[in-house]
Novice: 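Sending over a structure as structure tokens; questions will come in a sec.
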4 protein chains.
Amino acid sequence: MSDTRGRVLDAALSCLVAHGFGGTTARAIAQAGGFAPGVIYYHFTDLDDLLVATLAHTCEARAKRYRAELSDVDRAGRAVEVLRTLYDEDTAVGHIAAVQEIYAGARPGSRLAAQLSLETRRWEELAEELLTALLRGKPLASVVRVPVVASAAVAFYLGMETLTHLDGDRSRPAALFDQAARIATVFDRIPRLRRRSS
Amino acid sequence: MSDTRGRVLDAALSCLVAHGFGGTTARAIAQAGGFAPGVIYYHFTDLDDLLVATLAHTCEARAKRYRAELSDVDRAGRAVEVLRTLYDEDTAVGHIAAVQEIYAGARPGSRLAAQLSLETRRWEELAEELLTALLRGKPLASVVRVPVVASAAVAFYLGMETLTHLDGDRSRPAALFDQAARIATVFDRIPRLRRRSS
Amino acid sequence: MSDTRGRVLDAALSCLVAHGFGGTTARAIAQAGGFAPGVIYYHFTDLDDLLVATLAHTCEARAKRYRAELSDVDRAGRAVEVLRTLYDEDTAVGHIAAVQEIYAGARPGSRLAAQLSLETRRWEELAEELLTALLRGKPLASVVRVPVVASAAVAFYLGMETLTHLDGDRSRPAALFDQAARIATVFDRIPRLRRRSS
Amino acid sequence: MSDTRGRVLDAALSCLVAHGFGGTTARAIAQAGGFAPGVIYYHFTDLDDLLVATLAHTCEARAKRYRAELSDVDRAGRAVEVLRTLYDEDTAVGHIAAVQEIYAGARPGSRLAAQLSLETRRWEELAEELLTALLRGKPLASVVRVPVVASAAVAFYLGMETLTHLDGDRSRPAALFDQAARIATVFDRIPRLRRRSS
DNA sequence: CATGAATGAGACTTCATTCAT
DNA sequence: GATGAATGAAGTCTCATTCAT
């Protein structure tokens, strides 16, 4: 059973973080992981294949974590708080930077793009769950299409990362979370309507 | 006089649209424009230089158009309507796809990244102007930090494009504009407070 | 009558000094002289032709100067003194650096190489004249083949320049002139034999 | 194990001889050695790096040979004789032509220039050893600064090669060795002074 | 399983030179 | 006489990928 496979995956992730999509070459990955370039092709079909696996790997781990922390959150204020923490974790482990690089570099139509669509869909589902919980019983619920707003949330998150990554200005997400907290407070003040159990 | 410079700019833009950032090589641009690769280097220092110029070129043209159409809009419903039209234009001329590719491909720290920051700032300013007009007199104004939300809007727009570009699903922006229209209607129903002229 | 031709010649020389043989491109010369690249091809067949002319131009000027200063020198001490001054002049006007670059860059068999042979021959002749004057009547004269030693002197001068140029160590020629002066003193102490006028 | 590295080194040397510094391109080297251009970059960082290695390689081999042959020579006549043989060897193996090309082509300030300075220093040291042995006990010793004359000898050797290389006139070195032999004979006739052992 | 040398296509860029104006 | 835009060949170097060991 190959432990090396995991090393390759890790090396690819850290290479993405350190050198970007364009700098994630077979040689660079091999050097980052301390193995020979040929190893990559033993465990993966080609670089695209490796990147697909890397993406799946990091997303799965992070999504599990998100779900664990958000499972019983139903107030916006608390949600923002938790998301801020999770976001900081993302940043710390490099997940964010790597995924953003993959989004940036993947060519439409490639296998990597397909996997990306799949992961995007998963994150949208997660957002839908949270949104549904937050909106339960709120009068605003009738005006909001949950899937659409969930999709908007994912898009926003990705875009914010692209900008932050580019200018390295880490105060941007901070300000955004602050603003979100402010709006969350207003939101949480809106009373829930009585409903039959659903 | 240099009409060719403009042809190079156009070729770069269409190449970005057709082959993405990674596919925008000197050769591909030359082929797209029907000139020799050397021409690029006669008019521009670098591919980077060309891309910077291309970005500035398309952004300037589009920003002018946005400003013209949005100058006297002060209701959200109308704003969404106009933005939808402008967005369709963006899509038609390729502006959007090209800019998104550049965002995706630019390496942090590069000259291109710097220009991108600059353009981002400009779009944020435009968003700020619009937001300020929309919020004037609204009770929500006190809870909203205009610059932060403007920045969020730009981020969202960029992220939406990244996703749309990747999976080619043009129904996403349509759904989002619909949702935005719906929220705009609610928003426009909130009455403005009386204010002293200002 | 073309004054521009002279400007091209000067530009080529200063370009040789500033950027070396390899950096002496048509564009670089044009920029150095403040004219369009096309001008070069109006006055000269090609770059090789220009370099040939440049070499001839600077050598002629310097050779005239050497001959003027050395015409009536017949003692080694004085010769070394004068040569040191002329060498400093060479350095100041860039003659030396330019010629050295041409020697370095010229391909055997090229027209430039042919011109170089010709100029070398001229400098050897000048050296022969000086050597003959210095050796007149000396007992050493019988052991010395003037043309051979003259050729050695030119070779030495060229080699010294190559080394000096490479490491930028201007103390080397200084030390060599000092040593030469020391040997010249010894040489001048050897009495001349009586001879019939010759 | 890398036998190919050696082939690349040899190819570079022969390419230098055959096509000169300017003609020693990656492609030309690859063709000369019968391998793909990419191989060069597998074994060396750079063309510069390869040239540095080539220089070191040939110089080391030759210097060892010089030292072996000259170790116990203390008379000028014999020295000239040995040097003439060594020179013929240099010519035969291409060492001389290659090194001369490198001297000619190296840009001041480059890594190659630095290596060249180093090698120059080594040849000067060798010359110093020989000169010291020849001058031991001679009255002339007091007027001669060994390091300076050693440096002059190296410069002369280099310059002679530049000239010979350019016009392909192999009679020049022959004449010079003849002249040197003649002077050596005179020199060897000067008696050594008595000295305390040292 | 793993290695690392080798390949060859292709990227960017520079340059001498030409030519219409 | 002079200009400067354009060309196309050639140069350096990188990289995904293969393959013998």
Side-chain angles (χ1 to χ4, degrees), chain A residues 1-5 7-8 22-31 33-51, chain B residues 1-5 7-8 22-30 33-50, chain C residues 1-5 7-8 22-31 33-51, chain D residues 1-5 7-8 22-30 33-50:
Chain A
M1 173 204 29
S2 164
D3 159 34
T4 305
R5 198 189 137 95
R7 284 171 59 210
V8 175
T24 298
T25 69
R27 269 217 269 251
I29 296 169
Q31 183 160 20
F35 44 76
V39 173
I40 296 170
Y41 294 89
Y42 186 84
H43 293 282
F44 302 91
T45 304
D46 56 20
L47 277 199
D48 217 53
D49 190 38
L50 167 57
L51 258 18
Chain B
M1 218 175 332
S2 181
D3 161 33
T4 305
R5 196 190 141 94
R7 283 171 60 211
V8 175
T24 299
T25 68
R27 275 213 263 258
I29 296 170
F35 43 76
V39 174
I40 296 170
Y41 297 90
Y42 185 82
H43 293 282
F44 301 91
T45 302
D46 230 38
L47 275 201
D48 217 52
D49 190 37
L50 167 57
Chain C
M1 169 206 30
S2 166
D3 158 35
T4 305
R5 196 189 138 94
R7 283 171 60 211
V8 175
T24 298
T25 70
R27 269 217 268 253
I29 295 169
Q31 183 161 19
F35 44 76
V39 173
I40 295 169
Y41 294 88
Y42 187 84
H43 293 282
F44 301 90
T45 304
D46 56 20
L47 280 197
D48 217 54
D49 189 37
L50 167 57
L51 258 18
Chain D
M1 218 174 334
S2 180
D3 161 33
T4 306
R5 196 189 139 93
R7 283 171 60 212
V8 175
T24 299
T25 70
R27 275 212 262 260
I29 296 170
F35 43 75
V39 173
I40 295 169
Y41 297 92
Y42 185 83
H43 293 282
F44 301 90
T45 301
D46 231 41
L47 275 200
D48 216 55
D49 189 38
L50 167 57

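Just so you know, these numbers use all the heavy atoms, side chains as well, and skip hydrogens, waters and symmetry mates. In what follows, chains are A, B, ... by sequence order, proteins preceding strands, each numbered from 1.
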Novice: Applying salt bridge (Lys or Arg N to Asp or Glu O under 4.0 Å), name anything that partners Asp46(D), two or more places apart in sequence or on another chain.
Specialist: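 With neighbours one apart ignored, the set is Arg111(D).
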Novice: In whole Å, what is the span from the CD1 atom of Ile40(D) to the P atom of dA5(E)?
Specialist: 16 Å
Novice: Work out which heavy atom in Ala30(C) is nearest to a heavy atom in Ala36(C); give both atom names and the distance.
Specialist: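 So the minimum-distance heavy-atom pair works out to CB-C, 3.9 Å.
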Novice: Set out, in order, the CA-CA distance, both residues' side-chain angles and the distance that settles side-chain contact (heavy atoms from CB on, under 4.5 Å) for Arg5(A) and Val8(A), then state yes or no.
Specialist: CA-CA 5 Å; Arg5(A) 198 189 137 95; Val8(A) 175; 5.8 Å; no
Novice: For dA2(F), does OP1 or OP2 lie under 4.0 Å from any side-chain N or O of Thr4(C)?
Specialist: yes
Novice: Between dA16(F) atom C1' and Leu51(A) atom CG, what is the distance in whole Å?
Specialist: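 My rounded result for the distance is 13 Å.
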Novice: How far apart are the closest heavy atoms of Phe35(C) and Ile40(C), and which atoms are they?
Specialist: CE1-CG1, 4.1 Å
Novice: Could you run through nucleotides 12-21 of chain E and give me one letter per nucleotide, 5' to 3': B if any protein heavy atom sits under 4.0 Å from the base, S if only the sugar-phosphate is that close, - if neither?
Specialist: SBBBSBB---
Novice: Holding to side chain to side chain contact (heavy atoms under 4.5 Å, CB included), I want the full list of residues that pass it with Tyr41(D), two or more places apart in sequence or in another chain.
Specialist: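 So Tyr41(D) forms a side chain to side chain contact (heavy atoms under 4.5 Å, CB included) with Ala26(D), Leu47(D).
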Novice: Quickly work out the Tyr42(D) OH to dG4(E) P distance and round it to whole Å.
Specialist: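 Rounded to the whole Å, the gap is 7 Å.
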Novice: Respond yes when some side-chain nitrogen or oxygen of His43(C) is under 4.0 Å from OP1 or OP2 of dA2(F), and no when none is.
Specialist: yes
Novice: To the nearest 0.5 Å, what is the distance between CD1 on Ile29(C) and CG on Leu50(C)?
Specialist: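 Rounded to the nearest 0.5 Å, the CD1-CG separation comes out at 5.0 Å.
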Novice: If the condition is side chain to side chain contact (heavy atoms under 4.5 Å, CB included), which residues does Thr25(A) pass it with, not counting sequence neighbours?
Specialist: Arg27(A), Ala28(A)
Novice: Check the distance between dC1(E)'s C1' and Phe44(A)'s CZ and give it to me in whole angstrom.
Specialist: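 Answer to the nearest Å: 14 Å.
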Novice: Quick one: NE2 on His43(C) to CG on Asp49(C), what's the gap to the nearest 0.5 Å?
Specialist: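 Output value for this atom pair is 12.0 Å.
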Novice: So what's the dot-bracket for DNA chain E: Watson-Crick or G-U pairs under 3.5 Å, [ ] if a pair crosses, | if it pairs off-strand?
Specialist: .||||||||||||||||||||
